[in-house]
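Worksheet: the structure to be examined is printed underneath.
In what follows, chains carry the letters A, B, and so on, assigned in the order in which the sequence lines appear, proteins first and then strands, with residues in each chain numbered from 1.
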There are 2 protein chains.
Amino acid sequence: MSTTPAPPDSAVRAFIHDQRSAFLSDLTAWLRIPSVSADPGRADDVRRSADWLAATLRATGFPVAEVWETDGAPAVFAEWPSDDPAAPTVLVYGHHDVQPADRADGWHSEPFVPEERDGRLYARGAADDKGQVLFHTLGVRAHLAATGRTAPAVGLKLLIEGEEESGSPHFPALLRQHAQRLACDAVVVSDTGMWDENTPTVCTGMRGLTDCQIDLYGPDQDIHSGSFGGAVPNPATEAARLAAALHDEDRVVTLPGFYDGVVELTDEERALFAELPFDESAWVRGAHSHATLGESGYTTLERVWARPTAEVNGIGGGYQGPGGKTIVPSRAQLKLSFRTVAGQDEEKIQQSLRTWVAERLPAGIRHEITFWGATRPCLTPLGHPALRSLTRAMSRAFGRPVRYTREGGSGPAADLEDVLGVPVLFLGISVPSDGWHAPNEKVELDLLFKGAETAAYLWDDLAAHWSAG
Amino acid sequence: MSTTPAPPDSAVRAFIHDQRSAFLSDLTAWLRIPSVSADPGRADDVRRSADWLAATLRATGFPVAEVWETDGAPAVFAEWPSDDPAAPTVLVYGHHDVQPADRADGWHSEPFVPEERDGRLYARGAADDKGQVLFHTLGVRAHLAATGRTAPAVGLKLLIEGEEESGSPHFPALLRQHAQRLACDAVVVSDTGMWDENTPTVCTGMRGLTDCQIDLYGPDQDIHSGSFGGAVPNPATEAARLAAALHDEDRVVTLPGFYDGVVELTDEERALFAELPFDESAWVRGAHSHATLGESGYTTLERVWARPTAEVNGIGGGYQGPGGKTIVPSRAQLKLSFRTVAGQDEEKIQQSLRTWVAERLPAGIRHEITFWGATRPCLTPLGHPALRSLTRAMSRAFGRPVRYTREGGSGPAADLEDVLGVPVLFLGISVPSDGWHAPNEKVELDLLFKGAETAAYLWDDLAAHWSAG
């Protein structure tokens, strides 16, 4: 266990300041590689991006930096052991593939020709996620330079996948295949953001996702509603009744056992959420919506961050063309997704849904349920020592208190927690205006360097406080 | 008021028997005209069909037979006044247009080249509706021949429209335009059928129809269910909640005031329905369905014939393609139809629906309701003297007791009751196996001549009993 005192902040900052141009030159080179994983025509670019990153990590000082094959696009793995055998090991997760981008979609400059304007770097992948991966090369070097170390205070591993923008189809298999080499005490995900430019925040968890399709079959063909309507079961009506019955009048999910095991928000976390400068009207506008509505007893942020939900993603049955058609439809379909939170059991939810649907449908309606899969939720409790380290490191870098958020979406971060069995921390410095998946994606350069600074402090703090937590 | 005794049945039968070949030759000529109103390329054929019918009615003896123009296909009107100025006037309704037909759809012979096989005449329009229109020319001549009259015992008018298979879009306007010339004491619709080959039945009413589309608008675009799900209103969920709330657990329609004014089934009518040789399993198979389901407290026949219903004809919203898509949809749509029965007020139902929908939707969901129109229900009470006349006439023709049915569908018959303000009788001899709108449509020739015989008796009976009822 290292007892090295935290390095003077000025040394870390000075190093990062000195390296600024060189770092941006590297990042710019990487951003010029259009590593669009969704485009088969860009497969070579995705591989070039992996090769570029592995070489850069070796140049940074990582003794090990390898390109790992998957059944899809390649990932990059790197490892830099600590010189303290008792130090914890941290795995940094990010991705080197990017969303598609076309100048014609409204870009003010070429998406793969990075351009610095007003302290921002504009390019596809600047924030999501190349900028946030690469700041770790600067962070670890600042950490070493400021402390005089030759190896990081924690064992450092990086796993940078190449298919995140395509739904990470081979990621769980990759994790299982390399579980031994990926073994660690905590994961740091750098693929998220903070509340806003002025509010450094740490995300403490993501929701999981279980989604499915329910097909309902009634008459073998559409039939005349005059001759038969009102006397035979109608699959469109039954689809509607299922979808409607998923929530009660308080918009609480009615599926039996759905809330079993849910890790409830603590009073502390609710109070911390409530301290965030949240403008609900602006949030509703950002949601392209016209009101809020959700589980009674919870605020909007609590609903999207910390409460499990059931959502109708699609419903269809019978005639949907122009005008009317007086039929009893033959079939109907429901697409449902459930966002889950820590403590819930996806398999039990799926089983409960199967039973619930079967029990509710009348005779004469046949059904099939197809589950598309499940992404697990993840949550690191506020009191976790690693979370405290991250909070302190970020607070030092930003010079102001750090707030806590969660993420309502679902992602491969949960696979890391699930397969590796360790807590996941989120160190992200992107802001909502960065335009992920949109034209004119950018990253705020000052925040990028704050990210590197946070990492530099974090490795020291984790080494110092890991077992003390 | 005529007091002529009913003609001996044998005279009517003998006349019809003698005319059999000539009648079939006429019918065959008419069926060769492919008067498909839905096909703009057949507009000339529809007109040729109208001209053919007007000429045939003149040849039958109608002093007046005219082609009436509409904004669509032409109708045919004919009139043969009674020689008794006190006699009631009856208007016969039918249509001379037919459904499309293509040999390749599974016809065993050309649909517009009538073929007689095993006592049946196969052709598009044989039963629906040319055969049933044309038997009236034979009926009135048999009536005259058997009674020695030179004019029918009732004033006889015919209105044979040319767009019934296209939804009768110009029919109400036609009725209103010519209301004075169409004035009558009762309407006889010959465009329906009887229970089966062995069970002569009289239909006493049809359900009405009011249908609409409800469009629901939530977010201005599909939004991410992870970022926003569970905290903003979802139009697909709201569409489902509306559709589901239309019925309670007993499948009773919940729309406020929906049942106001409903003419309830009498014990007598329920008992008469129950006497019909109804095979529910066969009915379910005929409905291509796998169970019955409907308003509790009523039998299947009562549900489709005499109870008002609400049906979801279509529902759609959000993602309906393959796999899953984790969105909160921007829009959803419901297509609803209400079958109505005598005593209900379509305008009140529409107004109730407007209020009910507006009250049930949460803030943030905008909606529009579009009504496609309304067809009125019609019902002639069992005790009505004209219905008694028809029952007696049909019973004489078939030599067995007549049962009562209703029709669950909706049609222009109700417009006749509505615009002309007189009761509607249904004199139809088609049977379920006739294949309306299907390949190999046919009419049973024996039943066709029973139809003519019924008409021959009916004019006498109505004249004799009209005011005595």
What are the residues of residues 286-295 of chain A, in order of number, with any heavy atom under 4.5 angstrom from a heavy atom of chain B?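 Result: A:Gly286, A:Ala287, A:His288, A:Ser289, A:His290, A:Ala291, A:Thr292, A:Leu293, A:Gly294, A:Glu295.
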If we define contacts as heavy-atom pairs under 4.5 Å, which of [options] has the most with chain A?
{"options": "B:Val304, B:Ile315, B:Leu242, B:Thr299", "value": "B:Ile315"}
{"options": "B:Trp305, B:Phe228, B:Tyr298", "value": "B:Phe228"}
{"options": "B:Gly218, B:Gly314, B:Gly318", "value": "B:Gly314"}
{"options": "B:Ser330, B:Ala236, B:Gly230", "value": "B:Gly230"}
{"options": "B:Leu334, B:Val328, B:Asp211", "value": "B:Val328"}
{"options": "B:Arg366, B:Gln221, B:Glu407, B:His247", "value": "B:Gln221"}

Side chain from CB out, backbone as N, CA, C, O: work out which of these in B:Ile223 comes under 4.5 Å of a heavy atom of chain A, or both, or neither.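 For B:Ile223, the contact with chain A is made by the side chain alone.
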With a 4.5 angstrom heavy-atom cut-off, could you sort out which part of [X] is near chain B: side chain, backbone, both or neither?
{"X": "A:Ile327", "value": "both"}
{"X": "A:Gln213", "value": "side chain"}
{"X": "A:Pro233", "value": "both"}
{"X": "A:Ser225", "value": "both"}
{"X": "A:Lys325", "value": "backbone"}
{"X": "A:Arg307", "value": "neither"}
{"X": "A:Leu209", "value": "side chain"}

Keeping the roles fixed (side chain from B:Asn234, backbone from A:Val312), state whether a donor-acceptor pair exists under 3.5 Å.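 Yes, B:Asn234 side chain to A:Val312 backbone: donor-acceptor pair under 3.5 Å.
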With a 4.5 Å cut-off on heavy-atom pairs, point out which of [options] contacts chain B the most.
{"options": "A:Ala332, A:Gly409, A:Gly323, A:Gly408", "value": "A:Gly323"}
{"options": "A:Ile365, A:Val253, A:Thr370, A:Thr237", "value": "A:Thr237"}
{"options": "A:Gly321, A:Pro235, A:Pro219", "value": "A:Pro219"}
{"options": "A:Ala243, A:Ser410, A:Gly317, A:Pro308", "value": "A:Gly317"}
{"options": "A:Cys212, A:Ala239, A:Ser227", "value": "A:Ser227"}
{"options": "A:Asn313, A:Thr309, A:Asp220", "value": "A:Asn313"}

Might you point out which heavy atoms bring B:Ala231 and A:Thr300 nearest each other, and give the distance in Å?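 Closest pair (atom of B:Ala231, atom of A:Thr300, distance): CB-CG2, 4.1 Å.
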For A:Val232 and B:Trp283, work out which heavy atoms get closest and say how close. CG1-CZ3, 3.6 Å
Any pair counted as salt bridge (charged side-chain N to carboxylate O under 4.0 Å, His left out), so long as it reaches residues 228-247 of chain B, sequence neighbours left out: A:Glu249-B:Arg241, A:Arg251-B:Glu238
Residue pair B:Trp372 / A:Thr326, side-chain heavy-atom distance below 4.5 Å: no
Partner of B:Gln320 under side-chain hydrogen bond (donor to acceptor under 3.5 Å, both in side chains), picked from A:Gln333, A:Gln320, A:Lys335, is A:Gln320
How many angstroms lie between atom NE2 of B:His437 and atom NE2 of A:His224, to the nearest 0.5 angstrom?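 Output value for this atom pair is 8.0 Å.
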